[in-house]
Amino acid sequence: MSIMLHGIGVARGIAIGKAYLMEHGQPDIAEYTVPDYLIDAEIERYNSALETARGELIEVRTQITQPRPSAAQQEGADTSPALVSARVPGDVTEFIDAHLLMLEDSAISRAPIKTIRRQKCNAEWALKQQRDALVQIFEEVDDPYLKTRKDDIDHVVNRIMKLLLQQETDTQELLEPDEEESILRIIVADNLTAADIILFHHQNVAGIITEHGAPNSHSAILARSLHLPTVMGAGNTHRYLKDGETLIINGSDGMILIDSDQKTVDHYRALQEKLKLHQDALAKLRSQAAVTRDNTTISLQANVELADDMEAMRQVGCRDIGLYRTEFLFLNRENIPTEEEQYKNYKTVVERMNGATLTIRTLDIGTDKLIPAIAEMESADNPVLGVRAVRLTLKNLDLLIPQIRAILRASAHGKIRLMIPMVTSMQEVVQIKNHIAQEKMNLRSRQIDFDNALEIGAVIETPAAALSADGLAQRLDFLSIGTNDLIQYTLAIDRTDDQVNYLFDPLHPAVLRLIYKVIQAGKESGIPISMCGEMAGDDRYTRLLLGMGLREFSMNPAVLPAVKQAILNTRLDIVEPMVQQLLQSPFHEEIHRLFDKISRSNPDHA
Ligand code: PEP
Ligand code: MG
């Protein structure tokens, strides 16, 4: 029987595929068929992982139970044979012994092998099935002590699983199904980080459903930029689903259809086709300039997270990058990219731009974009208000200085601007500028080229920065309004929290007034003001922003044609007075009424 559920549509598009349920804390395990002639090799692979796991545990046991030399002995000061006791609590060794016994148990040592033979499946999949069956048994018993033992199963299974996943296998290529056999999957997860979404990219993933998450989280922004239809905040979806069941999702309205009949699938396939035709029609605007009906040219720039976005921007006829989110260079890795690695990346990007402008934002890590290498530096209690972005890099010059140097060096190869995220005070700007000046001196003394006129700007994404935009505009070369965070900090709502997402309102009078103030500050000081938050790429707000005086928009390339279309259909002389009236109103209903009027106004009639 078909079931319909709802979440929040965060990345447009229809996806049709098979449900792929991700379990919390468990590695993501693929299932594939092993041909007869490789079954013995697969079993050997499993046995070898078991053997290594056993060896590792014995090694740990030996290390903690054998007496260790004292510090003095290690330093060579004391040559007497006395050794300090290891002082390892008995329950630690018992714990390891229990795990060693589990490895010997036929449930782990033999059952998965039988499954490999019977189902002709890969070792990881056989082990996962065995783990699920064992956990199920433990969950069903009433004894609270036995219930907790299921964690031991996970420990042991994860140890073997990790070893299996690290091995090179003869059957590895089977993980990559060929075109015809490829099954499009729809990932169903509790929540996903931006790093997870990058991993799904290129993995036959048609769409994503998360039970938590919000449209302005970095995961949602990334899903949009990768054109992955995504529904978030669809709580408890996993209860209504089985792995492998057919799913249809609509990333515009948040609809999820489970187990639909063929007629419904055909209907949504036709809709997919229609959406594609619409996109193709918009793509025809590629070579057209973004000019209002009354001849004001608007600059449309791209937000870029991954190198793939550069191709997408070219396809929509966009030349400049208004926001290069460098943190994506730092995700999904244990270490921090070196100055050299960053330099090569920025140089490659700017050289591909044929003289257009590349605006590089310095590292904005923290909150929902975390990297293991600096995890301990982040504020644990309230990361959104803690050591994030410019605060984090100013505290950790090992992160900031190599990035500044890499940006400066890359600026010798094309037009680069440097942008500082999450500024709240002039002090931060002054400090960053001092570091840049210092690094310029260093490079000069080493006779390394850079652009001495490198422009420095800031993302205006806190109320503090917006309210002091007049001062910032006098010290900086450009400003860019980051509405995602500006709305979060103005309305005091965590942008990743689906519980308060309903309060995220770009039309809130406080938000509109702050945006207007920044645009005015730019006009008065004569520096360019752009907007790089998601509001800039939402064609519903294009007319309003044009009427407020915004002339530079930076967005995910996928939405650029729709914004261009809105610009082509706008007459500033009609819209501007209406927007002035809207900005005067402190009332939500009146703002919405005027906003609708602006949206519906006809550019053919004054
Ligand atoms: C913003 O806050 O609007 C912005 C562009 O930055 P990010 O979404 O990367 O925080
Ligand atoms: Mg931001």
Side-chain angles (χ1 to χ4, degrees), residues 10-11 193-195 197-198 213-226 232 300-306 309 320-331 359-371 378 383-393 417-424 428 457-466 469 478-497 501 504-506 508 511-512 514-515 518-519 529-538 541 545 550 552-557 559-560 563:
V10 305
T193 63
I197 306 259
I198 296 174
N216 291 289
S217 63
H218 288 99
S219 318
I221 292 173
L222 200 60
R224 283 195 281 280
S225 124
L226 297 173
M232 289 188 165
L300 296 185
Q301 305 155 8
N303 288 357
V304 169
E305 281 92 43
L306 304 165
D309 295 341
D320 299 304
I321 295 182
L323 168 61
Y324 187 52
R325 288 185 164 102
T326 55
E327 46 280 4
F328 289 93
L329 272 175
F330 291 66
L331 294 181
T359 308
I360 302 181
R361 183 177 71 181
T362 59
L363 191 61
D364 178 2
I365 220 95
T367 69
D368 61 339
K369 282 177 295 186
L370 304 175
I371 57 174
E378 290 144 5
V384 182
L385 299 178
V387 185
R388 180 194 160 181
V390 70
R391 301 174 181 183
L392 191 130
T393 47
R417 307 191 298 178
L418 181 150
M419 185 157 74
I420 315 164
M422 211 198 159
V423 163
T424 48
E428 288 159 336
V459 190
I460 302 298
E461 50 189 343
T462 61
F478 66 97
L479 301 177
S480 185
I481 307 170
T483 47
N484 310 336
D485 280 312
L486 184 61
I487 298 172
Q488 154 169 270
Y489 292 121
T490 305
L491 304 183
I493 46 169
D494 182 342
R495 66 194 254 201
T496 64
D497 183 349
N501 182 53
F504 196 94
D505 180 13
H508 191 292
V511 173
L512 294 178
L514 288 173
I515 293 174
V518 182
I519 296 172
I529 303 290
S530 157
M531 179 179 282
C532 60
E534 294 295 287
M535 192 176 177
D538 190 331
Y541 301 117
L545 295 170
L550 191 72
E552 292 189 17
F553 296 61
S554 188
M555 67 201 75
N556 164 5
V559 292
L560 191 141
V563 171

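Ligands are counted one by one from 1 in listed order, and the atoms in each one are counted from 1 as well. Positions are given from 1 along the sequence. Computed from heavy atoms alone, side chains included, the values below leave out hydrogens, waters and symmetry copies.
- Within ligand 1, counting atoms from 1 as listed, the ones closer than 4.0 Å to a heavy atom of Cys532 are 5 (C).
- Distance alone, capped at 3.5 Å, places no donor-acceptor pair between the Thr496 side chain and the Ala214 backbone.
- Judged by distance alone, the side chain of Tyr489 and the main-chain N or O of Val384 form a donor-acceptor pair under 3.5 Å.
- Asn216 has its side chain out of reach of Ile487: every pair of non-hydrogen atoms, C-beta onward, lies at least 4.5 Å apart.
- Of all atoms in ligand 1, listed by their number and element, those nearer than 4.0 Å to a heavy atom of Arg325 are 4 (C), 5 (C), 6 (O), 7 (P), 8 (O), 9 (O).
- Residue Arg361 has at least one N or O atom closer than 3.5 Å to an N or O atom of ligand 1.
- A salt bridge links Arg495 with Asp485: the closest approach of a Lys/Arg side-chain nitrogen to an acidic carboxylate oxygen falls below 4.0 angstrom.
- Within the 4.0 Å heavy-atom shell around ligand 1 one finds Arg388.
- Comparing Glu534, Gln488, Arg495, Glu327 by heavy-atom distance to atom 8 (O) of ligand 1, the nearest is Arg495.
- Looking only at its N/O/S atoms, Asp485 has OD2 as the one nearest to the Mg ion (ligand 2).
- Only side-chain heavy atoms of Ile221 come within less than 4.0 Å of ligand 1; its backbone N, CA, C and O stay farther off.
- Proximity of Asn216 to ligand 1, defined as any heavy-atom pair under 4.0 Å, is not found for any part of the residue.
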*Tell me, with the steps shown, if Leu545 and Met535 meet side chain to side chain contact (heavy atoms under 4.5 Å, CB included).*
CA-CA 9 Å; Leu545 295 170; Met535 192 176 177; 4.1 Å; yes
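- Contact annotation: for Met531 versus ligand 1, there are no heavy atoms closer than 4.0 Å.
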_What verdict does the side chain to side chain contact (heavy atoms under 4.5 Å, CB included) test give for Leu392 and Ile365, after you've listed the backbone C-alpha separation in whole Å, the side-chain angles of each residue and the deciding distance to 0.1 Å?_
CA-CA 8 Å; Leu392 191 130; Ile365 220 95; 3.7 Å; yes
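- Of the inter-residue distances, the one linking Ile420 atom CD1 with Asp364 atom CG reads 12.5 Å to the nearest 0.5 angstrom.
- When non-hydrogen atoms are compared, ligand 1 lies under 4.0 Å from the side chain of Asp364 (C-beta onward) but not from its backbone.
- In this structure, Met555 has no heavy atom closer than 4.0 Å to ligand 1.
- Glu461 contributes atom OE1 as its closest N/O/S atom to the Mg ion (ligand 2).
- Side chains of Glu305 and Ile221 form a contact here, defined as non-hydrogen atoms less than 4.5 Å apart.
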*Give the intermediate values and the outcome of side chain to side chain contact (heavy atoms under 4.5 Å, CB included) for residues Leu550 and Ile529.*
CA-CA 7 Å; Leu550 191 72; Ile529 303 290; 4.3 Å; yes
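- Heavy-atom proximity to Leu323, at under 4.0 Å, picks out these atoms of ligand 1: 5 (C).
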